[in-house]
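Step one of this worksheet: look at the structure below.
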Protein chains: 2
Amino acid sequence: MSPSTIQASGSRRRSTQAERSARTRTALLQSAARGLSRYGYGNLVLEQVARDAGYTRGALYHQFTGKKDLALAVVEWVDETWWREVGGLVDQQPGPVAALIALARGHAIYCRRDVASVAMALRLEFSGQDHPVGREVERISKTLVKRCARLINAGRRDGSIPPGPPAKAVALAFVGALEGAVIALAGQAPHDELLAARAAAGVLGLDSPAGT
Amino acid sequence: MSPSTIQASGSRRRSTQAERSARTRTALLQSAARGLSRYGYGNLVLEQVARDAGYTRGALYHQFTGKKDLALAVVEWVDETWWREVGGLVDQQPGPVAALIALARGHAIYCRRDVASVAMALRLEFSGQDHPVGREVERISKTLVKRCARLINAGRRDGSIPPGPPAKAVALAFVGALEGAVIALAGQAPHDELLAARAAAGVLGLDSPAGT
DNA sequence: GCATTCACGTACATACACGTCTGTATGCTA
DNA sequence: TAGCATACAGACGTGTATGTACGTGAATGC
């Protein structure tokens, strides 16, 4: 954060202070992500988050301004890693159908870690509320749904996806079914990947995918 | 509850006391069901539940022994109505595939009311916990999954469902995808029904259903 | 080398919600 | 109609979790 990350090139003196801070911050973030995924926002107890990370609430309140800020940071962090790990995979697919199926498979694999259901848990918890965390989650979710809707429209234009309900509704169901299936399977490799792909293909109105 | 439901056959004197009690009880149940679906168990505020039903916490604590008891009653009530409205529909289908698709469509329709996501919300909230409400929800969920697994096995035996991952995993994904899709669509009739059926068929490995 | 800043721990204040208790009005019974 | 039971409202006490203020030791800058 502060502009004190400057490090003289020749010196080997490690910036222990900054490193230390960064380590605790990521430890707290991971712990909070697990906690949010497991218990949701309201049930999340900050003392337990800190303990699980090996610190106390003092450290937490030093790194984050409060619970809200912590949750927002977690959401942002999860979103970032998701786009890096899954979104990238989607981009390098030849067509919209391949992209959507890759998204499903990638999401299943991404969710094998314990941070799986943080998005759906928070979205459910804040649905129809005005909490800033809920708004952020909603915003991220909308972005994903919109992207899926665009892919669906593209697939329909080139004939690879059959017609059906409005692309927006299909995209909503696509994301919902995908998340639901993956959460229900709770990282039961290797079936999670195939079943996620099946659910995704099904929502799109495609025939059962040949693979595996 | 009490054995005072006795009513002299000839007498027309309506048991207004019992009726009144029953009305408030169901009003509180409905309000609590909405609340649980919206906010989950931990975030559910009993005063708001009572207010939404037109009463105060006094009435609530008169009808139920506490929050836990209220939640259990809601879960039982939702489960009961679900089996009556959806489960019955499933039973009268000719084959396992028809039964599973009917289940999907029926669930979508059932969830058009605001009690949609009470099951998934509570399951998420209590996943990996030891709360009695969580145990009950888990038990109910397992029952449904087992039933789906049996239908899947039956369908595989008669060839109407292609092979794939273990029936148990498929059933888990089936229920999960179904719930996820329906919640995401949030009762957007009429597409919810079709898309639920599509997701269901997809998980089973069936080709896209012809209907609509 | 010393003052300062930073990372973190500890102790306190506050808020919120659950559960309990007591009060009151309305229906039931004799 | 008198007396009791029931349905419900309101007030109180308590536990718990958040946020804040303060204290400590180590690292950094002069």
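Residue numbering restarts at 1 for every chain, and letters A, B, ... go by the order of the sequence lines. Values in this document were obtained by computation on a predicted structure and should not be read as measured data.
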Check: Expressed in angstrom and rounded to an integer, what is the separation of Arg51(B) atom CZ from dC8(D) atom P?
Finding: 16 Å

Note to self: I need the CD-C1' distance between Gln48(B) and dC18(C), as an integer number of Å.
What the structure shows: 15 Å

Check: Is Lys68(B) reaching over with its side chain to a backbone N or O of His131(B), donor-acceptor style, under 3.5 angstrom?
Finding: no

Next item on the list: State the OH-CG distance between Tyr110(B) and Asp192(B), to the nearest 0.5 angstrom.
Entry: 14.5 Å

Check: Atom CG of Leu60(B) and atom C1' of dG10(D): how far apart are they, to the nearest Å?
Finding: 15 Å

Next item on the list: Mind checking side-chain hydrogen bond (donor to acceptor under 3.5 Å, both in side chains) for Ser21(A) and listing every partner two or more places apart, or none if nothing turns up?
Entry: Gln63(A)

Item checked: Short side-chain N/O contact from Thr24(A) to OP1 or OP2 of dC8(C), under 4.0 Å -> yes

Note to self: Without decimals, in angstroms, what is the distance between Gln17(A) CD and dT4(C) C1'?
What the structure shows: 12 Å

Next item on the list: Give the rounded distance in Å between these two atoms: OH of Tyr39(B) and C1' of dA17(C).
Entry: 16 Å

Checklist line | Whole angstrom value for the distance that separates C1' of dT28(D) from CZ of Arg20(A) | finding: 13 Å

Checklist line | Note: Glu136(A)-Arg139(A) ion pair, threshold 4.0 Å (strictly below) | finding: yes

Notebook entry, point to check: Which residues satisfy the side-chain hydrogen bond (donor to acceptor under 3.5 Å, both in side chains) test with Thr143(B), sequence neighbours excluded?
Noted result: none

Check: Taking only N and O in the side chain of Thr56(B), is any of them less than 4.0 Å away from OP1 or OP2 of dC8(D)?
Finding: no

Next item on the list: Round to the nearest Å and state the distance from His62(B) atom NE2 to dC21(C) atom P.
Entry: 15 Å

Next item on the list: For the pair Arg147(A) and Val90(A), evaluate side-chain contact (heavy atoms from CB on, under 4.5 Å) and give the outcome as yes or no after the intermediate values.
Entry: CA-CA 11 Å; Arg147(A) 181 154 179 194; Val90(A) 172; 4.1 Å; yes

Checklist line | Per-nucleotide protein contact string for nucleotides 16-22 of chain D (B base, S sugar-phosphate only, - none; heavy atom under 4.0 Å) | finding: --BBB--

Notebook entry, point to check: For the pair made of CZ in Phe64(B) and P in dC8(D), what is the distance, rounded to whole Å?
Noted result: 11 Å

